[in-house]
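Not measured: the values here are computed from a predicted model. Chain letters run A, B, ... following the sequence lines, proteins first and then strands; every chain starts at 1.
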2 protein chains.
Amino acid sequence: MVTIKDVAKATGVSPSTVSRVIADNPRISLDTKKKVRKAMKTLGYHPNINARNLAVKSTKSIGVIMPSSANKALQNPFFPEILRGIGSVIHDVQYSMSLSTGETEEEIFEEVQRMVYGSYVDGVILLYSRVNDRVTSFLRERDFPFVVVGKPYDDINEVTHVDNDNYKAGQEITKHLIELGHKKIAFIGGSKDLFVTMDREAGYEAVLNEAGLENCEDYKVHTEFLKSGGREAVERLLFLDTPPTGMVVSDDLMSLGVLSTLEELGYSVPKDISLVSFNNVYLSEITRPALTTVDVQIHTLGAQSAKALIEKTQNKSEPAKRIIIPHKIVYRDSVSRRGTL
Amino acid sequence: MVTIKDVAKATGVSPSTVSRVIADNPRISLDTKKKVRKAMKTLGYHPNINARNLAVKSTKSIGVIMPSSANKALQNPFFPEILRGIGSVIHDVQYSMSLSTGETEEEIFEEVQRMVYGSYVDGVILLYSRVNDRVTSFLRERDFPFVVVGKPYDDINEVTHVDNDNYKAGQEITKHLIELGHKKIAFIGGSKDLFVTMDREAGYEAVLNEAGLENCEDYKVHTEFLKSGGREAVERLLFLDTPPTGMVVSDDLMSLGVLSTLEELGYSVPKDISLVSFNNVYLSEITRPALTTVDVQIHTLGAQSAKALIEKTQNKSEPAKRIIIPHKIVYRDSVSRRGTL
DNA sequence: CTGTTAGCGCCTTCAG
DNA sequence: CTGAAGGCGCTAACAG
């Protein structure tokens with residue numbers, strides 16, 4: 001390994017000078033800088049990160065914590081996409097990202113501990129948000145920089161997070177259905193203790209009430225990440241006395257399952273039933289029919305969270321922020337107009 | 001930050017003793033070990049990774065390089081799943097993983113350089129394999145430990161890789177179609193310079209020839225990652241004089257697109273056309289119809305690659321290996337028997 | 001069984 | 001503008 005000393009020797013200067021050249025210190029003459037840089041190049045010098053980190057007590061690396069992967073949720077294309085978003089800014093500022101790998105909540109917690117105690121990373125991005133989360137408490141106690149993607153459960157004003165306005169999104173997409181003449185609209189969401197679900201659902205309800213439409217519990221189903229297309233959930237809806245004509249599904253991947261079940265049961269989308277959902281991952285444009293869905297700009301979500309985190313690591317007194325990424329509805333083919341009945 | 005010295009002072013021993021306790025060195029008396037451990041606990045000591053890395057010249061961290069994300073391919077659920085696989089072993093051995101984030105080939109190359117030159121990682125897992133890849137050459141030149149998931153292009157015997165027997169898988173799945181009476185079978189694959197595609201296709205061809213079935217170029221289409229369901233590709237197939245009755249598609253996500261296009265054009269799967277594919281990601285069980293696909297055990301692919309890499313970093317003279325992960329066909333509903341025509 | 005000493009490669013005062 | 005010296009936190013001989 002070629003070190004700073006080798007470069008120094010080759011150039012006939014001192015190691016500290018070389019160090020200063022690396023930092024592009026203005027008090028070094030252009031001449032020596034050039035000399036040194038040339039030597040670095042020919043010798044193939046590259047700074048040793050660990051040594052630098054040790055010296056400056058920073059790692060220029062951030063940790064990304066995925067939700068526990070007990071279920072299939074991780075196969076949601078949402079994740080690679082958000083990683084890309086994070087990656088894009090990470091790359092620009094020459095940081096690196098360290099991915100959590102735990103399967104269980106316990107494992108994840110251990111890993112976060114290692115990350116912060118071991119000075120692996122300068123900050124952490126949480127790709128989930130859960131009630132009573134040990135990780136969050138831990139991070140807050142230690143006053144360790146972190147941001148969450150989504151809506152934090154506790155002390156929402158004190159943890160910076162980047163999120164969509166899921167309430168509004170829920171309203172808009174539901175309104176879209178109503179404007180097309182739908183009066184019986186159901187909501188299919190994931191686990192009830194996910195804020196995304198709750199917010200989107202709240203928006204849905206608000207619009208229903210406002211429009212004076214039926215807003216009954218029967219029309220709302222929550223299922224764990226959909227196994228076998230969430231068959232039971234969908235069936236329950238369809239076997240009601242007055243089944244819905246429209247469905248608001250809280251995730252594209254879920255929609256795929258719902259779509260399948262629906263058509264298997266002999267319902268045609270959008271002819272018999274209209275369906276809208278959220279996220280706009282790639283697959284929502286290759287389903288049949290292609291999904292009308294709200295684009296939450298996953299990539300931006302990731303990018304902004306990284307940006308916010310880095311700011312925070314660089315300036316600890318940066319105040320907690322809430323960053324709302326705008327969404328927009330992408331109109332495709334999963335909805336149709338209802339004759340006024 | 002509490003350091004080894006603090007612990008030493010608190011316990012009344014020397015720093016090196018503490019260090020040895022950390023390493024669980026057998027030559028330290030149980031008594032002092034206990035004392036030291038207790039002090040570590042009460043003081044809240046955690047080793048500083050950077051310092052250790054610097055001292056031992058190892059990072060206990062591996063880099064994971066994703067393909068360039070110019071296209072939508074990254075939204076393939078394949079990736080999160082393989083990351084989970086890698087993560088599972090990484091976690092057990094207390095390593096960490098650093099994810100590449102580059103969008104372009106160029107960016108990726110830069111990042112790999114940083115990773116190896118900067119001693120960020122001990123080794124690297126390549127999640128892709130491309131002809132004439134700078135990254136691969138770079139790694140080989142520098143004799144830096146790496147493994148590739150899939151089949152490497154150059155010097156296949158000198159780079160350890162973990163892969164499926166895609167040729168065989170291609171044969172088996174095609175044979176399945178034949179056994180059900182299909183005689184006109186097409187192949188839809190991704191880019192031709194991906195070995196996965198080529199291998200699967202070769203298997204397909206072999207079986208066709210063996211069975212004395214038509215193996216014409218018209219039946220093979222290659223498309224970049226399917227935009228809008230690979231409409232053109234599928235159409236080309238269907239508008240042939242004798243359109244195929246069976247299709248072998250080289251990826252589940254692609255299959256979804258094909259499925260949509262097919263049904264939009266009025267063909268029913270599996271009634272009119274049978275379709276089989278590869279990977280068995282979660283969505284293949286919630287499509288309509290659910291896909292008969294070969295399960296390539298993505299998770300295992302990831303886990304084994306991590307395992308092989310770690311072995312390699314720990315023992316540089318570990319020989320290059322080829323690790324083949326067994327596959328198996330998962331029978332679902334996208335195929336049907338053909339009357340003998 | 002344990003302490004002392006010397007680095008790992010880099011950065012950062014403090015002098016000059 | 002540049003050099004010398006010390007230290008970041010930990011490990012690894014080398015002594016005892």
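Atom NZ of B:Lys57 and atom C1' of C:dC8 are 5 Å apart (whole Å). Computed from coordinates, the B:Ile22 CD1 to D:dC10 P distance equals 6 Å when rounded to whole Å. In this structure, CE of B:Met40 is placed 17 Å from P of D:dG9, rounded to the nearest angstrom. Rounded to whole Å, the distance from CG on B:Leu54 to P on C:dA6 is 18 Å. Computed from coordinates, the A:Arg20 CZ to C:dT13 C1' distance equals 10 Å when rounded to whole Å. Here D:dC10 presents its C1' atom at 12 Å from CE of B:Met1, a figure rounded to the nearest Å. In this structure, the CG atom of A:Asp31 is 9 Å from the P atom of D:dT2, given to the nearest Å. When rounded to the nearest whole Å, the span between CG of B:Asn50 and P of C:dG7 equals 22 Å.
Ring geometry, B:Phe195 versus B:Tyr153: the interplanar angle falls under 30°, so the pair is classed parallel (tilted spans 30 to 60°).
Other residues, nucleotides and ligands place no more than 12 heavy atoms under 6.0 Å from the CG atom of A:Asn132. Summarising the local packing, NZ of B:Lys33 is surrounded by more than 12 heavy atoms from other residues, nucleotides or ligands at distances under 6.0 Å.
Regarding contacts with the backbone of D:dG3, a side-chain N or O of A:Ser14 is found under 4.0 angstrom from either OP1 or OP2. Considering only side-chain N and O atoms, A:Tyr117 lies nowhere under 4.0 angstrom from the phosphate OP1 or OP2 of D:dG9. Distances shorter than 4.0 Å separate some side-chain N or O of B:Ser19 from OP1 or OP2 on D:dT11.
Looking at A:Arg140 and A:Asp133, no side-chain N of the basic residue comes within less than 4.0 Å of a carboxylate O on the acidic one, giving no salt bridge.
Proximity note for A:Ala51 (side chain, C-beta onward) versus C:dC10, D:dT11, D:dC10: the nearest is C:dC10. Relative to the side chain of A:Asn48, the nucleotides D:dA12, D:dC10, C:dC10 differ in distance, and C:dC10 lies closest. With D:dT2, C:dG9, D:dC10 as the candidates, the nucleotide lying closest to the side chain of B:Ile4 is D:dC10.
Using a 4.0 Å heavy-atom cutoff across all strands shown, A:Val13 reaches sugar-phosphate atoms only and no base atom. At the heavy-atom level, A:Pro15 lies nowhere under 4.0 Å from the strands shown. A:Ser16 comes within contact range of at least one nucleobase, with a heavy-atom separation under 4.0 Å. The residue A:Ser29 sits close only to the backbone: its heavy atoms come under 4.0 Å of sugar-phosphate atoms, none of a base.
Positionally, the nearest nucleotide of DNA chain C for B:Arg27 lies more toward the 5' end than for the other of B:Ala55 and B:Arg27.
Judged by distance alone, the side chains of A:Asn48 and B:Tyr117 never bring a donor and an acceptor atom under 3.5 Å apart.
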